[in-house]
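For reference, the structure discussed in these notes is given below.
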Amino acid sequence: AIAIPIKVVFIIAQVPRLVTEAGAWTDARLMQPIVKSRTSGWLELLRPPNLLTVPGDPIAGYFLAMPALAVHPRLLAASVATSVCWYVAGLILNDVVDLEEDRHDRPQRPLPSRRVARSAALTVAILLFVVGGLFALTLGAAARWMALALLLSILIYDLGGKKVPILGAVNMGLCRGFSLLLGAAA
């Protein structure tokens, strides 16, 4: 069984409240913008509740493809770590790429509101792509190919694929599908 400290459970339970509070943009009395903290900016940028769905793809793939009683925790962990790192990097890169559009349409988002610096966001995204790649390199050849397919589908989506009708939705499905196949190939 996995032992999760009570403090971690408490912090995770607070994430939706923190994100909701971070979404409160005006003071009802003054109708003035509230200055948001950098922490709330990063929380909004990273969308923590969505992150909880990411490990399920490679885990499901791993256990669906796994021969009976042949669990290799290191391989499973590496495939999950790759998917999570690249998912987060993709979220951040998506916001960096959409910065000009968000300045006009969603100025309250973390980057256009400058609660998170563009340079900091891009640096973190690049670091997460590199770290995810290092985890992927610990996997076998088939899993590395799936990781490459996942990485390419994330980059295609973020760098413009999302704006092409139908292709954007298919591309997003491929991201989740390749994450599942990454686990299966691990």
Side-chain angles (χ1 to χ4, degrees), residues 2 8 11-12 15-16 19 38-39 41-66 71-99 101-102 106 109-111 116-164 166-186:
I2 298 174
V8 171
I11 290 169
I12 291 171
V15 168
V19 172
R38 292 195 192 284
T39 302
W42 278 102
L43 283 173
E44 188 178 342
L45 185 65
L46 299 178
R47 303 164 183 91
N50 293 357
L51 299 180
L52 300 175
T53 69
V54 179
D57 296 331
I59 290 171
Y62 183 85
F63 284 107
L64 287 171
M66 175 191 73
V71 177
H72 299 282
R74 183 192 62 77
L75 298 175
L76 177 59
S79 66
V80 168
T82 300
S83 286
V84 170
C85 285
W86 287 352
Y87 183 91
V88 174
L91 284 176
I92 297 170
L93 180 61
N94 187 51
D95 278 22
V96 169
V97 169
D98 289 347
L99 180 56
E101 180 182 328
D102 286 349
R106 294 171 289 283
R109 296 281 302 138
L111 294 178
V116 174
R118 181 188 181 279
S119 59
L122 189 56
T123 300
V124 169
I126 291 168
L127 287 172
L128 286 168
F129 279 127
V130 169
V131 170
L134 293 173
F135 280 117
L137 289 174
T138 68
L139 299 168
R144 287 195 304 268
W145 282 109
M146 287 301 114
L148 179 61
L150 173 58
L151 177 61
L152 291 174
S153 63
I154 291 168
L155 293 174
I156 289 169
Y157 181 84
D158 284 349
L159 299 176
K162 65 185 169 216
K163 296 184 186 224
V164 178
I166 300 175
L167 177 63
V170 169
N171 192 193
M172 179 54 67
L174 287 172
C175 290
R176 297 307 284 244
F178 284 130
S179 183
L180 180 109
L181 291 172
L182 172 61

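Keep in mind that this is a model prediction, so the values were computed, not measured.
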Sub-3.5 Å donor-acceptor pair from the side chain of [X] to the main-chain atoms of [Y], do we have one?
X      : Y      : result
Arg109 : Asp95  : no
Tyr62  : His72  : yes
Trp86  : Phe129 : yes
Ser153 : Ala149 : yes

Nearest non-hydrogen partners of [X] and [Y], listed with the distance:
X      : Y      : result
Ala78  : Thr138 : CB-OG1, 3.4 Å
Arg144 : Ala136 : CG-O, 3.2 Å
Asp158 : Val97  : O-CG1, 3.4 Å
Val116 : Ala121 : CG1-CB, 4.1 Å
Leu139 : Ala186 : CD2-CB, 4.2 Å
Ser83  : Pro58  : OG-CG, 3.7 Å

Spacing of [atom1] belonging to [X] relative to [atom2] belonging to [Y], to within rounding of 0.5 Å:
X      : Y      : atom1 : atom2 : result
Phe178 : Leu150 : CZ    : CG    : 8.0 Å
Leu75  : Phe135 : CG    : CZ    : 13.0 Å
Asp98  : Arg106 : CG    : CZ    : 6.5 Å
Leu174 : Leu180 : CG    : CG    : 12.0 Å
Leu148 : Leu182 : CG    : CG    : 11.0 Å
Ser179 : Ile154 : OG    : CD1   : 8.0 Å

Beyond-backbone contact of Leu122 with Leu93, side-chain heavy atoms, under 4.5 angstrom: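 In contact.
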Close side-chain approach of Leu111 and Asp102, heavy atoms under 4.5 Å: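 When only atoms from C-beta onward are counted, Asp102 and Leu111 do not touch, as no gap falls below 4.5 Å.
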Test side chain to side chain contact (heavy atoms under 4.5 Å, CB included) applied to Val80 and Ile59, step by step: CA-CA 7 Å; Val80 168; Ile59 290 171; 3.6 Å; yes
Working for side chain to side chain contact (heavy atoms under 4.5 Å, CB included), residues Lys162 and Asn171: CA-CA 7 Å; Lys162 65 185 169 216; Asn171 192 193; over 6 Å; no
Residue list, salt bridge (Lys or Arg N to Asp or Glu O under 4.0 Å) with Arg118, at least two apart or on another chain: none
Test log, rule side chain to side chain contact (heavy atoms under 4.5 Å, CB included), inputs Leu91 and Leu51: CA-CA 10 Å; Leu91 284 176; Leu51 299 180; 4.0 Å; yes
Audit row: Leu128, Ile92, side chain to side chain contact (heavy atoms under 4.5 Å, CB included) steps and yes/no: CA-CA 10 Å; Leu128 286 168; Ile92 297 170; 4.2 Å; yes
Other residues, nucleotides, ligands: >12 heavy atoms within 6.0 Å of Trp42 CH2: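 Above 12, so yes.
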Qualifying salt bridge (Lys or Arg N to Asp or Glu O under 4.0 Å) pairs, either residue in residues 176-186, two or more places apart: Asp57-Arg176
